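The first residue in the sequence is number 1, and the count goes up from there. Computed from a predicted model, the values in this text were never measured in an experiment.
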Amino acid sequence: MAGNRLPVTIDGRDLELSNLDKVMYPAAGFTKGEVIDYYTRIAPVMLPHLAERAVTRIRYPNGVDGMHFFEKNKPGGTPGWVRLETLPVPGSTKSRETIDFVVVDDLPTLVWLANLAALELHTPQWRIGEHPDLLVVDLDPGAPAGLRECSAVAVLMRDRLAEDGVAAYPKTSGKKGMQLCCPISGTQDSETVSLYAKRVADELASMVPGSITAKMAKAVRPGKIFIDWSQNNGAKTTVTPYSLRAQATPTASTPLTWDEVEAVATGAEEPHHYTAAEVLDRIEAHGDLMEPLLTPGPALP
């Protein structure tokens, strides 16, 4: 090991890891080496959710208390073996504007990004060149509402989606809220999916107006759960299952069972955001609770 650099070979790819003892989460003393270790160990269940999707990274070169930046384009010094896909800029009206997106199809690429302090990985609801195969709604609590209220709304939304034959799979955001992820057919465009999600969100908001809003305006959100249906927009991404989040402690976006969600909603269990170590333990116990997302679901009505 020369200085702070460690050459490694992973699945036949040569990488150079650096500054492994650099603290990324000061409040927890969690280092970059531990970030890389987490992503290496979670890779078997995380990689299928990253595969074939253009990834947006949020990088924290000096840890979660330092500056950060969003990165869509390939970074300087990208190894030649990293898969890149040249795609239009999301949301751009100028078709000539493109970005060289990174695609994380293998462990060496995931470790390479972790070494760049890409703590958070976010992906769109569709594979490259295809229509959305996921419908995602973000449940965002306006204080003093929190994860317990999110859980109650998640159960309501699960039951409403089930009426249309759509199965929902819950996960924590790793920050303050939750997301519901639903496998769909991959035959309808993002506008169709987004309009369906908005219709369901509006319906629930009209049923329980004191607790739920489907309006974007932040002024109407305090004390309510905002059902963010816009995650299905062509320019949006959502934090990938199992991604770390830039919080004081190394929490991750964690798939849940519906029994767990219902227990929090009813007050039987305390709300909880899971740390990297806890998520790894959960994989041992549950496997990948999001595995059903990898199989196409129904077309939306």
Full working for side-chain contact (heavy atoms from CB on, under 4.5 Å) between I99 and T86 = CA-CA 5 Å; I99 285 177; T86 303; over 6 Å; no

[X] versus [Y]: any side-chain heavy-atom pair under 4.5 Å?
X	Y	result
Q179	D228	no
V82	W112	yes
R13	L15	yes
S230	K198	no
V111	L17	yes
K215	K224	no
L280	Y38	yes
D133	P296	no

message = Could you walk me through whether Y25 and V35 satisfy the side-chain contact (heavy atoms from CB on, under 4.5 Å) test, starting with their C-alpha distance in whole Å, then the side-chain angles of each, then the deciding distance to 0.1 Å, before giving a yes or no?
response = CA-CA 10 Å; Y25 293 82; V35 169; 4.2 Å; yes

key: R59 NZ/CZ over F69 ring centroid, <6.0 Å and within 45° of normal   = no

key: Within 45° cone and under 6.0 Å: R282 NZ/CZ vs Y274 ring   = yes

So, [X] side chain and [Y] main chain: donor-acceptor pair closer than 3.5 Å or not?
X	Y	result
S211	V208	no
N115	E16	yes
Y169	L256	no
W81	G12	no
T251	G174	yes
S243	L121	yes
W229	A214	yes
T40	I36	yes
R148	E270	no
R83	E52	no

Are a donor atom and an acceptor atom from the side chains of [X] and [Y] found within less than 3.5 Å of each other?
X	Y	result
T31	D21	no
N232	Y196	no
K171	S253	yes
N233	S194	no
N62	K22	yes
E260	H272	no

ask   = Atom OG1 in T240, atom CE in M290: separation rounded to 0.5 Å?
value = 11.5 Å

Connected via hydrophobic side-chain network under 4.5 Å: L195 and W126 = no

request  = Apply the test side chain to side chain donor-acceptor pair (under 3.5 Å) to residues T238 and Q125: give CA-CA distance (whole Å), side-chain angles for both, the deciding distance (0.1 Å), then the verdict.
outcome  = CA-CA 8 Å; T238 305; Q125 321 314 347; 2.7 Å; yes

task = Quick one: do H49 and D288 satisfy side chain to side chain donor-acceptor pair (under 3.5 Å)? Show the steps, please.
result = CA-CA 10 Å; H49 299 287; D288 180 16; 2.8 Å; yes

